[in-house]
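Please read the structure below before turning to the comments.
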Amino acid sequence: MFFANSRLDATRELQRKKVQQLLSHIKDCSEAGWAVDIGEAAFNTSLYFLSNTFFSGDLADPSSATSREFKELVWAMMVEGGKPNAAGFFPMLKVVDPQGCRRRSAILANKMLTFFKTMIDERLQMRKSTGSTEINDVLDALLSVSQGNEKEIKLSDIPHLLLLVGGNRAS
């Protein structure tokens, strides 16, 4: 339902445009003799696709403060997730968390949940002011399900679902 072909196909032209922008950026850098940070370019492109699918917006746009905040948060979560954790090899250390990995990860997850709650509140306000619910993204689908039948998905569960699904979709 959330990743139905019709939902993903609706963004096909935007995806094509973003890939063209990426190729154009690489060509421009090549012609100017500049190095291309492929990791950064791939990260921005992936972040664009995810944010467009989930929120119908470009959260990789460097000119937006919200986008910069989201990008920095996603990057910090990726860096933290990539760090070796001794507690993963020695289960008795999990309680102690000697490297602080669990503590830092919890802080980042809470920041991301707060970010998602803000996005949800903004979308609910927009729905209320326009009276429309047709945005055709994952957040819209989750909100429609939560408002249609609270027993299926509670509004308070949506930030957690976005964190879980977004993290799995990105990996």
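For reference, positions follow the sequence shown, starting with 1.
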- Message: Return the CG to OG1 distance between Asp58 and Thr66, rounded to the nearest 0.5 Å.
- Response: 12.0 Å
- To the nearest 0.5 Å, what is the distance between CG (Asp137) and CG (Asn52)? 8.5 Å
- Item | Ile107-Met112 co-clustered via ILVMFWY side chain contacts under 4.5 Å | no
- Flag side-chain contact, heavy atom, 4.5 Å: Asp121 against Thr118: no
- Distance-minimising heavy-atom pair for Leu93 and Pro98: O-CD, 3.5 Å
- Item | Gap separating the CG atom of Leu22 from the CD1 atom of Ile38, nearest 0.5 angstrom | 7.5 Å
- Item | Where Ser156 and His160 come nearest, the two heavy atoms and their spacing | O-CD2, 3.4 Å
- Walk me through it: do Ile120 and Phe115 pass the test side-chain contact (heavy atoms from CB on, under 4.5 Å)? CA-CA 9 Å; Ile120 290 166; Phe115 183 87; over 6 Å; no
- Message: Is it true that, when you exclude Lys18 itself, more than 12 heavy atoms of the residues, nucleotides or ligands shown sit nearer than 6.0 Å to its NZ?
- Response: yes
- Message: Between Trp34 and Ile26, is there shared hydrophobic-cluster membership here, with clusters defined by ILVMFWY side-chain heavy atoms closer than 4.5 Å?
- Response: no
- Pair Ser56-Arg123, side-chain donor/acceptor within less than 3.5 Å: no
- Task: Decide whether Lys71 and Asn44 meet the rule of one side-chain donor and one side-chain acceptor closer than 3.5 Å.
- Result: yes
- Message: Please find the pair of heavy atoms, one from Pro84 and one from Cys101, that lie closest to each other, and give the distance.
- Response: O-SG, 4.2 Å
- Item | CA sep, side-chain torsions, deciding dist, call: Phe116, Phe55, ring pair (Phe, Tyr, Trp, His ring centres under 6.0 Å) | CA-CA 10 Å; Phe116 287 152; Phe55 307 113; 5.8 Å; yes
- Nearest 0.5 Å please: distance from the OH atom of Tyr48 over to the OG1 atom of Thr53. 9.0 Å
- Nearest heavy-atom neighbours spanning Val145 and Glu152: CG1-OE1, 3.6 Å
- Query: Checking side-chain contact (heavy atoms from CB on, under 4.5 Å) for the pair Leu142/Leu162: CA distance, chi angles, key distance, verdict?
  - Reply: CA-CA 9 Å; Leu142 289 170; Leu162 291 171; 3.8 Å; yes
- Indicate, with yes or no, if Leu59 and Trp75 share a hydrophobic cluster defined by side-chain heavy-atom contacts under 4.5 Å among Ile, Leu, Val, Met, Phe, Trp and Tyr. yes
- Decide whether Gln99 and Arg104 meet the rule of one side-chain donor and one side-chain acceptor closer than 3.5 Å. no
- Task: Spell out, as yes or no, whether a donor-acceptor pair under 3.5 Å connects the side chain of Ser51 to the backbone of Leu47.
- Result: yes
- Task: Could you tell me whether Asp61 and Arg68 make a salt bridge, using a distance below 4.0 angstrom between a side-chain N and a carboxylate O?
- Result: no
- Message: Using side-chain heavy atoms (C-beta onward) and a distance below 4.5 Å, is Val19 in contact with Phe49?
- Response: yes
- Message: Is there a path of hydrophobic side-chain contacts, each under 4.5 Å between heavy atoms of I/L/V/M/F/W/Y residues, joining Leu50 to Met78?
- Response: yes
- Item | Side-chain donor/acceptor of Asp97 to backbone N/O of Arg103, under 3.5 Å | yes
- In this structure, OG of Ser105 is separated from CE of Met77 (nearest 0.5 Å) by 7.5 Å
- Message: Checking the side chain of Ser146 only, and the main-chain atoms of Lys154 only, is there a donor and an acceptor separated by less than 3.5 Å?
- Response: no
- Minimum heavy-atom distance Leu155-Pro159, with the two atoms named: O-CD, 3.6 Å
- Leu108 side, atom CG; Glu72 side, atom CD - distance, nearest 0.5 Å: 12.0 Å
- Task: State whether the side chain of Asp157 and the backbone N or O of Ile153 hold a donor-acceptor pair below 3.5 Å, judged by distance alone.
- Result: no
- Is a donor on one side and an acceptor on the other found under 3.5 Å between the side chain of Ser24 and the backbone of Gln20? no
- Query: Checking side-chain contact (heavy atoms from CB on, under 4.5 Å) for the pair Val96/Arg102: CA distance, chi angles, key distance, verdict?
  - Reply: CA-CA 10 Å; Val96 180; Arg102 187 177 58 206; over 6 Å; no
- Can Leu124 and Gln147 be said to form a side-chain contact (heavy atoms from CB on, under 4.5 Å), step by step? CA-CA 11 Å; Leu124 289 171; Gln147 292 177 337; 3.2 Å; yes
